[in-house]
Amino acid sequence: MMDGTAGVSGRRVADESVLDNPDTFGEQDPGGMLRFTASAGAQVRESAALAAEANLSLLEDDLRPRAVVIAGIGTAGRTGDVLATVAGPRCPVPVIPHRSAGVPGWVGAADVVIAVSASGRSPEALGAAEAAHRRGARLVAVGAPDSQLQSVAERARAPFIPVPRRAPARASLWALTVPVLLAARTLGLVKVNEADLAETAARLDADADRCRPTAESFVNPAKSLALGLAGSIPIVWGSSPLATVAARRFGDTLSANARYPVVTGALGEAGRGRVGLLDGVFGGLVESARDIFADRDEAEGDPTRLRLVLLRDGGLNAEDDTDEPLAVEERRAEAVQTLAERRGVRCDVVTAEGGSALERLASLVAVPDFASVYLALAHGLDPMAVPAITEMKELSNQ
């Protein structure tokens with residue numbers, strides 16, 4: 001019988017000093033997750049070049065699709081959320097992320113399926129690609145070169161955009177997302193131009209420099225965010241649809257890299273129920289009993305508390321929408337910050353910057369991505385090797 005703690009190691013309490021000793025990161029991060037996270041800007045540029053070489057012109061010849069289904073799981077599945085958000089409410093056709101095997105029953109010749117898998121062998125993407133081919137739907141495949149997914153695309157005579165497997169899937173968000181966006185652009189669904197891609201890559205490069213391992217905690221926003229979250233139960237809410245995609249992405253990386261339980265979602269939905277967490281046993285109830293003069297590092301019996309992370313978009317494309325939704329989002333964000341302050345729940349705010357939806361999304365994703373890795377390192381965890389994932393695959397395959 002397999003030992004349920006095999007390969008599990010680390011520290012229950014985060015060690016702040018670790019983050020200001022980057023010389024040890026090589027030992028703690030042997031798989032290079034920090035390096036892969038820093039490659040986000042390069043991923044945008046490389047995947048845009050590879051998409052330009054793919055035969056996406058095949059998609060231009062036919063009529064606009066009835067619907068577009070983005071099939072994938074995990075990080076690949078997040079690309080569908082990004083596309084749906086960047087396309088926005090004025091997108092002329094439905095954009096539907098699909099995270100299970102096969103495709104929805106209504107998919108047919110009038111539709112497009114974009115199958116995404118970093119490895120090129122996920123059952124969800126392969127099943128969707130095969131089903132799309134059988135039903136006569138147009139297919140675009142994004143994944144590792146020389147993979148099973150490429151073989152399916154070749155049989156279907158469909159465009160295939162290669163994603164070199166240089167990083168684990170969870171650190172390949174931009175390598176997977178850009179081909180999906182460019183395929184959608186060819187279909188006439190999104191307005192993403194070369195300047196948007198260049199500015200997004202530059203934003204990711206700049207944030208990688210700000211979050212570099214040699215930058216000390218007091219000037220490194222990712223290290224500061226990680227240390228603020230240490231020992232807490234994070235709640236990550238996005239103030240807009242764009243910010244909510246970033247919030248859910250942060251939940252993914254906090255769980256996979258740092259092994260933290262996390263609540264994520266849209267601030268609008270939270271206001272209908274989950275905001276009550278601020279009053280609960282990990283929120284206002286425990287904070288009301290806190291000794292404000294106590295040393296935070298003193299007692300091991302210090303109770304676990306909530307830590308709120310608010311991702312604020314601040315609005316975009318005012319010419320396309322009325323001012324009311326933006327005003328509502330801003331009021332809601334201010335309100336939840338006030339609620340947290342009144343209850344003593346600490347709150348971190350990350351505010352979007354940039355001129356396009358894609359760049360603004362990048363500005364909300366970059367620092368949290370690094371923070372999840374630094375939080376893992378502070379706990380002595382290898383952010384790359386997750387024993388439970390490996391064990392889950394072994395047990396499932398049996």
Side-chain angles (χ1 to χ4, degrees), residues 78-97 173-174 177 180-181 184-185 188-193 195-200 202-204 206-207 221 225 234-251 263-278 308-342 345-369:
R78 287 278 169 242
T79 65
D81 299 333
V82 174
L83 174 56
T85 304
V86 172
R90 291 181 175 247
C91 182
V93 305
V95 174
I96 302 166
L173 175 68
W174 297 101
T177 294
V180 171
L181 291 172
R185 182 181 73 176
L189 307 186
V190 290
K191 297 176 181 178
V192 176
N193 58 40
D196 295 334
L197 294 172
E199 289 163 2
T200 298
R203 172 75 56 181
L204 291 166
D207 282 337
L225 180 56
I235 299 180
V236 189
W237 286 329
S239 69
S240 71
L242 187 91
T244 299
V245 172
R248 293 192 168 120
R249 162 69 178 178
F250 195 18
V263 177
T264 67
L267 190 51
E269 293 176 355
R272 295 293 185 268
R274 286 190 175 183
V275 74
L277 290 167
L278 300 178
L308 178 61
V309 180
L310 185 58
L311 304 184
R312 295 187 64 165
D313 186 3
L316 187 68
N317 296 333
E319 70 276 8
D320 292 337
D321 301 300
T322 65
D323 290 334
E324 185 179 12
L326 173 57
V328 170
E329 287 173 10
E330 290 293 291
R331 286 200 301 271
R332 198 178 281 140
E334 296 290 348
V336 79
Q337 286 180 248
T338 300
L339 287 175
E341 182 180 349
R342 287 176 177 174
V345 175
R346 294 179 175 88
C347 178
D348 298 285
V349 180
V350 181
T351 303
E353 299 176 0
S356 68
L358 194 61
E359 184 184 357
R360 294 175 76 78
L361 178 65
S363 73
L364 292 174
V365 167
V367 171
D369 270 6

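Index from 1, following the sequence. Side-chain atoms are counted along with the backbone in the values below, which use heavy atoms only and exclude waters and symmetry mates.
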Participant: State, to 0.1 Å, how close Trp237 and Val275 come at their nearest heavy-atom pair, and which atoms those are.
Facilitator: CH2-CA, 3.7 Å
Participant: Can you list everything that forms a side chain to side chain contact (heavy atoms under 4.5 Å, CB included) with Val350? Sequence neighbours excluded, please.
Facilitator: Leu311, Leu364
Participant: The criterion is salt bridge (Lys or Arg N to Asp or Glu O under 4.0 Å); which residues satisfy it with Glu341, sequence neighbours excluded?
Facilitator: none
Participant: Going from CZ on Arg274 to CD1 on Ile235, what distance comes out if it is rounded to the nearest 0.5 angstrom?
Facilitator: 9.0 Å
Participant: Which atom names give the shortest non-hydrogen contact between Val190 and Leu181, and what distance separates them?
Facilitator: CG2-O, 3.5 Å
Participant: Can you confirm whether Leu278 sits close enough to Val336 that some side-chain heavy atom of one is under 4.5 Å from a side-chain heavy atom of the other?
Facilitator: yes
Participant: Before you tell me yes or no, could you show the steps for Thr177 and Arg78 under side chain to side chain contact (heavy atoms under 4.5 Å, CB included), namely the whole-Å CA-CA distance, both residues' side-chain angles and the distance that decides it to 0.1 Å?
Facilitator: CA-CA 8 Å; Thr177 294; Arg78 287 278 169 242; over 6 Å; no
Participant: Taking all atoms of both residues into account, what is the closest heavy-atom pair of Ala184 and Leu83, and its distance?
Facilitator: CB-CD1, 3.5 Å
Participant: Is the shortest side-chain N to carboxylate O distance from Arg312 to Glu330 below 4.0 Å?
Facilitator: yes
Participant: Work out which heavy atom in Ala247 is nearest to a heavy atom in Thr264; give both atom names and the distance.
Facilitator: O-CG2, 3.5 Å
Participant: What I'd like to find out is whether the side chain of Leu197 reaches to under 4.5 Å of the side chain of Trp174, using heavy atoms alone.
Facilitator: no
Participant: Taking all heavy atoms of Ser363 and all of Glu353, pick out the closest pair and write down the distance.
Facilitator: OG-N, 2.9 Å
Participant: CZ of Arg203 to CD of Glu359: how many Å apart, nearest 0.5 Å?
Facilitator: 4.5 Å
Participant: Dump the intermediate steps for side chain to side chain contact (heavy atoms under 4.5 Å, CB included) on Val309 and Leu225, then the final yes or no.
Facilitator: CA-CA 9 Å; Val309 180; Leu225 180 56; 4.2 Å; yes
Participant: Is there side-chain contact between Val180 and Val82, with heavy atoms separated by less than 4.5 Å?
Facilitator: no
Participant: Taking CZ in Arg248 as the centre, count heavy atoms belonging to other residues, nucleotides or ligands within less than 6.0 Å. Is the count above 12?
Facilitator: yes
Participant: Can you measure from CD (Glu334) to CG (Leu339) and round to the nearest 0.5 angstrom?
Facilitator: 11.5 Å
Participant: Would a distance-only check, ignoring hydrogens and angles, find a side-chain to backbone donor-acceptor pair under 3.5 Å from Asp196 to Asn193?
Facilitator: yes
Participant: Nearest 0.5 Å, please: how far is CG in Leu173 from CZ in Arg249?
Facilitator: 4.5 Å
Participant: I need the Glu329 CD to Arg332 CZ distance, nearest 0.5 Å.
Facilitator: 7.0 Å
Participant: To the nearest 0.5 Å, what is the distance between OG1 (Thr85) and CG (Leu242)?
Facilitator: 6.5 Å
Participant: Ignoring hydrogens, what is the shortest heavy-atom contact between Ser239 and Leu267? Give both atom names and the distance.
Facilitator: CA-CB, 4.1 Å
